[in-house]
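Lettering of chains follows the sequences in order, A, B, ..., and the numbering in each one begins at 1.
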Amino acid sequence: MDYRFREIEARWQQFWQQEKTFKAENSSSAPKYYVLDMFPYPSGAGLHVGHPLGYIASDIYARYKWLKGFNVLHPMGFDAFGLPAEQYAIQTGQHPAVTTSENIAQYKSQLSRLGFAYDWDREVRTSDPFYYKWTQWAFLKMFDAWYDEETNRARPLSELINRFKSQGTNGLNAARSAGAIDFSAAEWNEMQAEQQQQVLMHYRIAYLADTMVNWCPALGTVLANDEVKDGLSERGGHPVIRKSMKQWSLRISAYAQRLLEGLDSLEWSESAKEIQRNWIGRSEGAVMRFKVMNHEFEIEVFTTRPDTIFGCTFMVLAPESDLVKTLTHPDHRQEVESYVTDAVNRSDRERMAEVKNVTGVFTGTYAAHPFIGEPIPIWVADYVLAGYGTGAIMAVPAHDTRDYAFARQFSLPIVQVIDGDISEGAFDSKDAQVINSGFITGLHVKEAIRVMNLKLEEMGIGYSKVNYRLRDAIFSRQRYWGEPFPVYYRDGLPYPLAEEQLPLELPEVDAFLPTEQGDPPLGRATGWHTPEGYPFELSTMPGFAGSSAYYLRYMDPLNDNTLVDKAVNAYWQDVDLYIGGMEHATGHLIYARFWNKFLFDLGYVCKDEPFRKLINQGMIQGRSSLVYRINGTNTFVSCGLKEAYDVTPLHVDVNIVSNDQLDMEKFRMWRPEFSSAEFILENGVYHCGYEIEKMSKRFYNVVNPDDLADRYGADTLRMYEMFLGPLEQHKPWDTNGIEGVYRFIRKFWKMFFNAGGNFSVSDDEPTSAELKVLHKTIKKVQEDIERFSFNTAVSTFMICVNELGDLKCNKRAVLEPLTILISPYAPHLAEELWHLLGHQTTVARAEFPVFNTGFLVEDTFEYPVSFNGKTRFKLTCATAARPAEVEEAVRNHEQTAKYVAGGAIKKVIVVPGRIINVVI
RNA sequence: GCCCGGAUGGCGGAAUUGGUAGACGCGUUGGACUUAAAAUCCAAUGAACAUUGAGUUCGUGCCGGUUCGAUCCCGGCUCCGGGUACCA
């Protein structure tokens, strides 16, 4: 019987669906295993061959865990809110809900063809009110919580209010916004309710505040830091400017230290952890106050190098700093104001492009050096960022590169206080001695920092402090297609809806555009207010809102009473294996960890970290085909001959190229301008060149998994994607290679059939050679799967089939375990053969074959014999032979004399079961 | 600039703990089967030299070191990929 994969694959996909083969039970005596793929956003373009890579890997692992007796949770769903659908809606007028559900249907059908073992009963969609009820719920919890730095966890706001009532802010150690002020219990109790609300806003984990935001005019919305790359929006590549707006934010900065420390316990790649560490950006330093001369004000600066204070020759304020206005001397007002206006209006992109241009302006005011009392000029310059530290710095040009450039530009003095070369640039090494610095002179930098910090505290002008680069996450988007905030406004202050009023459903609007007054699209919705007439929030939540707790919802997706039932959460705990792209390292993976820690603090979930093991699959790159047109003609020259001509390379659709040979007829039909193309051939064929680049429509190198599943079957495609190379590595796609896997699959199939094409397996006892092949394979496949080395596992199956082919093995005792072994990789094939072998139930719940080392024991070993490290010949010895015996055999071997050739044997090294090395 | 990866045949890659470099697959070449093609099967395939008994030399980005032995460890460099970018 032929290997009819279309029929086989359709049959078993239907079977798994009907039987609910991969339904995960929420309580089970079996151990749990949770395998998760990163939430896909279903774009209109559909899948290309690179997308399923991670899904195939996680599916293989999930199926493997089933075979190992685990109760496996392997769900799939869709991140369905988001900008692309809304942009498309603006262009076409189609409701984003419509296009999104079409895209999901397309995505699901493509996924289904590949035979994934998902529990589809748990599918979630972020745009479904039944789902986003819990996104809104989490927001309400964050609105109603503060962060206690004493116990290092979030707590209900009611606790903070009680505390204010009894002791005000006295002794409070809480994460709060800049500008929060201290007060007594009496002062609190005297405040109006509105005033109290304003105070509380400084402490809420979800809070509303004026913040500098990344405003993207083209998208008409603000963006989070991780949604901006190089001053352009990640979606669409539009310019972004900085702007102050009233926005919802999440106080993720309160979690910076825990997010950093938590990384140590996770099984993530070093690079993924490193990206997060850099993003969190912890730096230890000191805050120091400088008195401004002839003013009552002080300037607070943050520095990581308090040891260099004696080298401070000027100070710099960020243009956005509130102090600029206050401190500027009247004589310099005009100059400063015009500089500040310019700096503030420039887009991030412009600012970045001008990094090399050193600009700044003197305020006319001086601060007093805290130790030597000398006046220090105060400047304003855009190289100091408002959002980091205190928005002001003490400049030490001798030991900071940026300050050095600035001092040079404006001829400011450079005073050296660390021993090192500053003739060409700043000397910023910390492994050096302090000089010229009063009481810290002679100390090593690290010691000097410690001593200085103590001194600052003693003098009451500073203290040591840890700063983080991580900013609070801006949580409002002025867009339509997202979760509405469960918030209404009364007298300009936000109030939460009651939990029972959730979900607050997204209203219909007449257009997905801002209103004429410039309000977000929800401003168009009629009746967008409470029954009492209080208006609802007009912004919606960002894309990361819906994806920050979806892994929890999968545990208990149908529960309408709680995000996830406590007992269910206690069973599934956390994600054991998470597979997805590295591009989420600074966005989703930080937000989800934060969100999870918050829910953990309030006791809603049992694990502090959500994703124990993370694997970032590499990108599948496109392999573009090129043809070479001779300039000024319509003649194309084959790749090998192109050097003799003046040519322009052109991309050609990879689907009309096979094995780098161009189908010239199809090429002429491809596009009208090529209909009269002429060719200069090599040996009668046109060879294309190739280039490895991103898989993208514009390079005509997109390969569709549906086409390949049609031609070779899903099992072949699955195995080929794995065979391509290590999961985490980027690698180019080359459709040619799939033939090799297809040949292998058919060879595998044929082992179960006789010459007449009938299913035929023998019940004879297997030979020791056959058992050896089987057990060698079990061992290797298991080891490979455990270390996520799927490419070598596929090779192992190929070797196994080649060897069993040589042995002409068709014994049930070998083929049956092999069928189970291959079932995670080629599940349809395995299921078909499993049933042909007479089983009634699914192979997916069979037991993974147990490796028996006894079958691999060898009596002899063929030693490679090397002389000074160069292998010369082989020598077969008994496995049990002692090293001395082996050495004896080598010395007496007929070939040995030839390689010793005149020299003398100094030593013979015998590594039992490995190698023999003769040293001459 | 800083941080993190990586570099092995014509191509994708293997070598898990310092022990036979190039598994497996693609491609290429030759052969078998066939009227022919496809499919299938067999053989060869790192390079150079030599040559038909075999062999010899070189070879895992480059230079050096440690070791009986290095793709693997150490020092220095080159190139490629990713992250980040005035973060004080």
With sugar-phosphate meaning primed atoms plus P, OP1 and OP2, does [X] contact a base, only sugar-phosphate, or nothing at under 4.0 Å between heavy atoms?
X: R469(A); answer: base
X: K747(A); answer: sugar-phosphate
X: S283(A); answer: sugar-phosphate
X: R282(A); answer: nothing
X: I909(A); answer: base
X: I393(A); answer: base
X: K906(A); answer: nothing
X: D660(A); answer: nothing
X: R743(A); answer: sugar-phosphate
X: D734(A); answer: nothing
X: R623(A); answer: nothing
X: E783(A); answer: base
X: N467(A); answer: nothing

For atom NZ of K731(A) and atom P of A7(B), their distance in whole Å: 14 Å

Phosphate OP1/OP2 of G25(B) contacted by N802(A) side-chain N/O (<4.0 Å): yes

F406(A)-Y404(A) aromatic ring centre distance below 6.0 Å: no

Donor-acceptor under 3.5 Å (E583(A) side chain, G587(A) main chain): no

A44(B) to G55(B) separation - P atoms, rounded to the nearest Å: 15 Å

Nearest-nucleotide 5' precedence on RNA chain B, T390(A) against V911(A): V911(A)

Contact nearer the 5' end of RNA chain B, comparing E862(A) with E274(A): E274(A)

Pairing partner (Watson-Crick or G-U wobble, both distances under 3.5 angstrom) of G53(B): none

Pairing nucleotide - U45(B), Watson-Crick or G-U, each distance under 3.5 Å: G27(B)

Test: E270(A) and R277(A) ion pair at under 4.0 Å: yes

Among V316(A), L317(A), T390(A), side-chain contact (heavy atoms from CB on, under 4.5 Å) partner for V384(A): V316(A)

Glycosidic conformation of G9(B), taking syn as within 90° of 0 and anti otherwise: syn

Nearest-0.5 Å distance, CG of residue N659(A) to NE2 of residue H687(A): 9.0 Å

Side chains of D226(A) and Y591(A), donor plus acceptor under 3.5 Å: yes

